[in-house]
Amino acid sequence: QVQLVESGGGLVQAGGSLRLSCTASRRTAGRYTMAWFRQAPEKAREFVAVISWSGRRTNAADSVKGRFAISRDNAKSMGYLQMNNLKPEDTAVYYCAAREAAAPDYLGVMEYDYDSWGQGTQVTVSS
């Protein structure tokens with residue numbers, strides 16, 4: 001498993017931007033797929049975006065396509081979620097998730113695909 005710590009959440013007005021970061025522990029020598037999920041109050045956790053170990057492939061939920069971008073820096077063991085044109089419905093706790101990559105371009109979009117999770121960071125978008 002990978003230890004993950006998110007940062008970068010906060011309060012922003014609608015239309016604003018935030019950049020979330022996910023720091024992965026360097027103790028793991030494995031290659032891992034990284035994803036972001038979110039959970040709004042009284043709602044189930046949902047997939048936001050994923051990036052393969054190679055960085056060549058990404059996928060995002062329809063609700064954030066064109067507004068959010070996922071990226072990673074393997075040399076720094078870091079993952080990022082750039083969120084632009086934020087909307088009040090983006091308000092949620094955002095979680096970074098990781099799993100050992102099944103293949104360099106492997107993508108997983110389900111919660112059960114991942115065995116490592118961060119503690120979450122709150123994103124609040126005011127109208």
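- Taking CD1 of Ile51 as the reference point, atom CZ of Arg57 lies at 11.5 Å (rounded to 0.5 Å).
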>> Quick one, Tyr106 with Arg99, criterion side-chain contact (heavy atoms from CB on, under 4.5 Å). Give me CA distance, side-chain angles, the key distance, then yes/no.
In response: CA-CA 10 Å; Tyr106 172 81; Arg99 61 154 288 162; 3.4 Å; yes

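- Considering every non-hydrogen atom in both Tyr95 and Gln119, the closest pair reads CE2-O, 3.6 Å.
- Between the side chain of Gln3 and the main chain of Ser25, no donor-acceptor pair closer than 3.5 Å is present.
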> Do Val2 and Asp115 pass the side-chain contact (heavy atoms from CB on, under 4.5 Å) test, and can you show the C-alpha distance, the side-chain angles, and the key distance before you say yes or no?
Replying inline: CA-CA 8 Å; Val2 181; Asp115 57 8; over 6 Å; no

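- Contact check for Thr23 versus Leu4: no side-chain heavy atoms found under the 4.5 Å cut-off.
- Taking OG of Ser63 as the start and CZ of Phe68 as the end, the distance is 7.5 Å to the nearest 0.5 Å.
- Judged by a 6.0 Å distance limit and a 45° cone about the ring axis, Arg72 is positioned over the six-membered ring of Tyr32.
- The shortest non-hydrogen separation linking Ser17 to Gln82 is CB-NE2, 4.0 Å.
- When all heavy atoms of Met78 and Ser21 are compared, the closest pair comes out as CE-CB, 3.8 Å.
- Under the salt bridge (charged side-chain N to carboxylate O under 4.0 Å, His left out) criterion, Arg45 pairs with Glu111, sequence neighbours left out.
- In this structure, Lys87 does not pair ionically with Asp90, as no charged nitrogen and carboxylate oxygen lie closer than 4.0 Å.
- Contact record, Glu6 with Cys96: OE2-N, 2.8 Å, taken as the closest heavy-atom pair.
- Both Val64 and Val12 are members of a single hydrophobic cluster when ILVMFWY side chains are connected at heavy-atom separations under 4.5 Å.
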> Please walk me through it: do Leu20 and Trp36 pass side-chain contact (heavy atoms from CB on, under 4.5 Å)?
Replying inline: CA-CA 10 Å; Leu20 304 183; Trp36 290 91; 3.6 Å; yes

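- Taken from CG in Leu18 to CG in Leu86, the straight-line distance is 5.5 Å, to the nearest 0.5 Å.
- Side-chain N or O atoms of Thr124 include none that pairs as donor or acceptor with a backbone N or O of Leu11 at under 3.5 Å.
- For the residue pair Thr91 / Glu89, no side-chain donor-acceptor distance below 3.5 Å is found, with atom types taken as modelled.
- Under the 4.0 Å criterion applied to side-chain N and carboxylate O atoms, Asp105 and Arg56 are assigned as salt-bridge partners.
- Checking side-chain atoms of Ser127 against main-chain N and O of Pro88 turns up no donor-acceptor pair under 3.5 Å.
- Comment: Glu46 engages Arg38 in a salt bridge, judged by a side-chain N to carboxylate O separation of less than 4.0 angstrom.
- Across all their heavy atoms, Gln122 and Val93 have their closest contact at OE1-CG2, 3.2 Å.
- The two atoms that bring Ala49 and Leu81 nearest to each other are CB-CD1, 4.2 Å, heavy atoms only.
- For Phe37, the ring-ring contact (aromatic ring centres under 6.0 Å, His included) criterion is met by Phe47, Tyr114, Trp117, not counting sequence neighbours.
- Screening Thr58, Leu107, Asn59 against Ser52 for a side chain to side chain contact (heavy atoms under 4.5 Å, CB included) leaves a single residue, Leu107.
- At distances below 3.5 Å, at least one donor-acceptor pair connects side-chain atoms of Asn74 with backbone N or O atoms of Trp53.
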